[in-house]
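To start, the structure under review is shown below, and the notes come after it.
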Amino acid sequence: MELSKNFEPQAIEQKWYSHWMNNGYFKSVPDEREAYTIVMPPPNVTGVLHMGHCLNNTIQDILIRRARMQGKNACWVPGTDHASIATEAKVVAMLRERGITKSSLSREEFLKYAWEWKEKYGGIILEQLKKMGCSLDWDRTSFTMDPDYYKSVIEIFVRLHKDGIIYRGLRMVNWDPASKTALSDEEVIFKDVDSKLYYVTYPFADGSEGGITVATTRPETILGDVAICVNPTDERYLNMIGKEVLVPIIDRKIKIIADEYVTADFGTGALKVTPAHDKNDNELGKKHNLRALNTLDEEGKFTLEELEDDLINDTIVSYAGVDRFALRKKIAVDIEAIGCLQKIEDYKSQVGTSERTGAVIESRLSLQWFMDMKKFIATNPEITAAVAEEKIKFHPSKFKNTYAHWMDNIKDWCISRQLWWGQQIPAWYDGEGNVIVAETEDEAYKEYSKKHGLKSLPSGEVWRGLFQDEDCLDTWFSSWLWPIEVFKGISNPNNDEIKYYYPTQTLVTAPEIIFFWVARMIMAGYTYKNEMPFEDVYFTGIVRDKQGRKMSKQLGNSPDLLGLIDQYGADAVRFGIMIASPAGNDILFDEGTLEQGRNFNNKMWNAVKLLKMWEGRTTDDGPRTTRVGQRTTDDGPRTTRVGQRTTDDGQLKTNDNIGLWSVDSGQWSALWFETRLNEVKSEVNDMLNQFKLSEALKVIYSLIWDDFCSWYLEWVKPGFEQPIEKVVYDKTVEFFSQLMELLHPFMPFVTEEIYHLLDERKDDLCTHVYAAPVQTDEKILSEGALLKNIISGLRDVRNKNQIKPKETIKVHIQTAEATVYKSIESILAKQINSAFIMYVNDAVAGTITTVIGKDKFYIETEQPLNMAGQREDLEKELAHLKGFLISVEKKLSNEKFVANAKPEVLAIENKKKADAEEKIGIIEESLRGME
RNA sequence: GGGAGUUUAGCUCAGUUGGUUUAGAGCAUCUGCCUUACAAGCAGAGGGUCACAGGUUCGACUCCUGUAACUCCCACCA
């Protein structure tokens, strides 16, 4: 088979994904194996795949694929979230484009459009995940508005209402004028804005000279002012308390009151009180029995509805329907015209904005449904304890403080939304102030008749006058049941699936939704399953661009993911995003890492090509005897003749007798790599257990590129058109396969492809189960390290002396322990293109001298010798060693150190000293020899 | 305003309870190579007072205190 020059991902990605799907590898059903379950954080149905999803789902896929290969029953559940605000906004926008307004539609008509929209666009993001290779059990795809799911949400609402945890009340809520709905506190994002502080004077009502001046950032609300408040100890205003002033423009008489709440130092020390439009003012209003006078409608436009007729004048009429921000400017102009505006100052303040629409939030008095969170979490102390005691482990653990802090300061949760897309609140009203909460309309009537008696109509027909609450529930009030209800744990309690899969193992999500979602799932888990929803929570970072800016649509710095997959391949994208993604840190996305991933694919691809070249040329010959390292005479120079022989004309000829040494060195190399592979396997295993995915990938990358390709393959590589020993070839295929196993969770496509190219297979890598680790002798690792060290050192010498790669050198080693070189000398000779390795007892004249470790190397070359350069290098090394020796000696001459340090530390220091002294001696000797 | 975190090579990060050679990796940079798997490559090299100032200790990148810078979370002083 002819392999392409470079790895071409597009064709094989499609091929393998279909193959995996057709074989049902991603499907999970309960069995006797240990379960490893992840429920995917359901993306919004409106969503398209972005870098955040890419990171998040790659991590989950790595964990799931690894678990599958560990022989666990891996189950990864996909799904989408109905995302009420976001989706409803999209549907409204879509309708607007078609010239339809939401208000012209009935609820049923609107929902029909919404479902159509969902069917059309809702699955896009899931399809995109397939392109990334995500091994999700698609048969389990769930949606937060599936019929059973819907019912479960309603059931939970009713239960919580019964328990007195859900209540309805008139409260100040966060109002989003853009989507015309209330929001929970968590959905409000505070942003720093440059605003103005307006100093407005309210003249005394009795006509006396002057008035009282307040500072406000929101002059548009002054028409709703019902009092002015000062601090009772503020001497400036003591004599004014109780007096009346006139609200500018509207001339309403309001009182100056006093309350500790007001800070004398801020602004003018006088505060205008607008209970309908500010949370604190509202508290103040309640305390002082002030009425809340609403002057803004649900869209944030001025309304005269609650004003008394006698206060309405032409100016005020002209405000009707004016947007709050336009009104702010208008009123500023108008109060200046009547001389009530003292000055305007620049001011930085924080304003709340809607997480979804970005609109500035209004505080608005409104009748909503709430959940009493303090009461709720008090029912199960595990909710807070599990995280604190790390029964549920957060990665990184710092987030457990965030969690604890939020729990300590938890506030009531506003769960009703003035939207249609979502679970409709199961509350029915009779129009006379009676409310019935029940799971269905029929239930509601039953309950109603029990409580209030059955109403009958004069006509004798049954009374059907209850109407259901128009609002729907906060999306998070459904998603908090996700890990339970995807297994029907609410709608069909104690079924086999929920018993098997719950609690799930790992949740991978963004820290931004720790309160929205993570915390609430923990609450729901302990409340409805009496058990944690997951064991580990891995918080991903935020994907930022190279300049560290968060990726966003507005900035346009979010790359097109599918385009990237087309360009680099899914494996390369996965590699790129993971390699730069240390646990819990933000990731700076740089296309360069994708390129690195692509190059990595190529590297492996080319290694396959190399093996394919060897495949047809293996030799079955048993190990041959070699003459490696053998002594020629008893006391003469010990010579090893490696991979060459003398030609007739006496010149050394390389490479025509490679087989002579490749036997031994090949097997030694295989033993070395096997040991190294085992070492890395256990390292990777430890890292993955600690969720250090990025580090694990780095280690695997280096194992494949450096140890396998750069070292091992070069060591076992036969000479040009020479055969490779069968044993070594088979070992090499085996190693390569195991490397693919190790890498597969990270880069599933290329590894599966290579796995099959390497050998005839009965299985697929996707479901291949890792073998148990093998015990290996680690002594060989130090031999390998020594070999690498010397190869690099001598290559450096070649480089520095400008010896051409093709020029053969001759190496003489002066060492006290020639035996340590026995197993590596033939490889060494080949890797540095040396005609032979000889052992000598004395310096060899006319050679380049270098010292590596404690041994001296004399390199014979045809190049003219650069003595000055060599001296310089040796002297530099000598200076370094001497400096080092001084620091060690200083330590050892310190009596306190000798007295206090642990014996093993002392021994190490003594060895360092001896080593350094020995090396210094060797280098000094070499330097003398060069004179 | 409260809390948490970060600060190690040009960039992104490792550095496990203080002591294995006066700090490691990848990327980037530089030098030399179109060597027969791979120039999307090979070989090699350079580069850091571990943010700053103190302290504890025989010994500090590592522990403590303070300072500075940056980041995040929480909190609606109008």
Side-chain angles (χ1 to χ4, degrees), chain A residues 3 5-7 174 185 188 190 197 214-218 229 261-263 265-268 270-274 278-281 347 349-352 361 363 396 398-399 401-402 405-406 409 511-512 514-515 542 546 548 579-582 584-588 590 592-593 595-596 598-614 690 692 694-695 698-699 701-702 709-710 713-714 717 719-721 791-792 795-800 802 804-806 833 880-881 883-884 886-888 891 894-902 904-906 908-909 911-913 915-916:
Chain A
L3 294 180
K5 181 174 189 304
N6 286 328
F7 177 65
N174 308 300
D185 293 343
V188 179
F190 284 90
L197 203 49
V214 304
T216 178
T217 53
R218 306 193 53 200
C229 190
Y261 167 75
V262 179
T263 325
D265 304 343
F266 187 88
T268 61
L271 169 75
K272 69 186 212 53
V273 184
T274 323
D278 184 279
K279 247 180 211 169
N280 292 311
D281 287 13
Y347 184 66
S349 68
Q350 290 209 304
V351 297
I361 294 301
S363 283
K398 65 175 177 183
F399 287 113
N401 299 330
T402 312
H405 184 258
W406 187 69
N409 298 288
E512 294 143 62
I514 185 168
F515 309 131
I542 294 165
K546 248 177 153 175
I579 200 79
S581 170
N585 280 5
D586 287 356
I587 86 159
L588 292 192
D590 176 358
T593 60
E595 215 169 298
Q596 198 186 342
R598 182 198 58 189
N599 296 352
F600 185 34
N601 279 334
N602 255 335
K603 185 71 185 177
M604 294 186 285
W605 187 251
N606 278 295
V608 177
K609 277 161 64 180
L610 179 65
L611 259 70
K612 288 287 133 186
M613 286 175 62
W614 297 349
Q690 295 169 59
K692 293 180 176 174
S694 182
E695 275 182 70
K698 278 181 192 169
V699 169
Y701 173 78
S702 164
C709 292
S710 296
L713 289 181
E714 293 300 331
K717 186 189 264 180
F720 186 57
E721 294 192 334
I791 292 172
S792 296
R795 279 173 176 167
D796 185 29
V797 170
R798 292 188 65 119
N799 257 339
K800 283 204 174 114
Q802 298 179 314
K804 292 265 180 297
K806 280 180 177 161
N833 193 13
H880 176 264
L881 282 168
F884 175 69
I886 290 169
S887 78
V888 176
K891 241 187 222 179
N894 184 331
E895 281 171 33
K896 284 181 176 170
F897 170 71
V898 178
N900 292 323
K902 283 179 268 178
E904 56 267 33
V905 173
L906 205 56
I908 287 165
E909 291 302 318
K911 183 162 186 310
K912 281 190 207 169
K913 182 172 178 242
D915 282 357

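The model shown is predicted, which means the values in this text are computed figures rather than measured ones. So that the names make sense, note that chain A is the first sequence line, chain B the second, and so on, each numbered from 1.
- Other residues, nucleotides and ligands contribute over 12 non-hydrogen atoms within 6.0 Å of the CD atom of A:Q350.
- Donor-acceptor pairing under 3.5 Å, judged by distance alone, is absent between the side chain of A:Q596 and the base of B:A40.
- Atom CZ of A:R598 and atom CZ of A:F7 lie 12.5 Å apart (nearest 0.5 Å).
- For the pair A:R598 and B:A40, the criterion of a side-chain N or O lying under 4.0 Å from OP1 or OP2 is not met.
- Checking A:A901 against A:N174, the closest nucleotide of RNA chain B that is more toward the 5' end is the one next to A:A901.
- For the pair A:D586 CG and B:U6 P, the interatomic distance rounds to 14 Å; values are reported in whole Å.
- Checked for salt-bridge contact, A:K698 and A:E695 miss the test: no charged N lies under 4.0 Å from a carboxylate O.
- Between A:N900 and B:C58, a side-chain N or O to OP1/OP2 separation shorter than 4.0 Å is present.
- Per the geometry, CG belonging to A:L197 stands 14 Å off P belonging to B:C77, to the nearest Å.
- Side-chain proximity of A:Y347 to the nucleotides B:A78, B:G44, B:U20 is greatest for B:A78.
- Closest contact between the side chain of A:K717 and the listed nucleotides B:C58, B:U35, B:A37 involves B:A37.
- Pairing analysis of RNA chain B (Watson-Crick: purine N1 to pyrimidine N3 plus N6-O4 or O6-N4; G-U wobble: N1-O2 and O6-N3; both under 3.5 Å) yields stems of 3 or more pairs at B:1-7 with B:68-74, B:10-13 with B:24-27, B:29-33 with B:41-45, B:51-55 with B:63-67.
- Ring geometry, A:F266 versus A:Y347: the interplanar angle exceeds 60°, so the pair is classed perpendicular (tilted spans 30 to 60°).
- Checking B:C73, B:C27, B:G5 against every side-chain atom of A:K398, the shortest atom distance belongs to B:G5.
- A donor-acceptor contact closer than 3.5 angstrom is absent between the side chains of A:N894 and A:K891.
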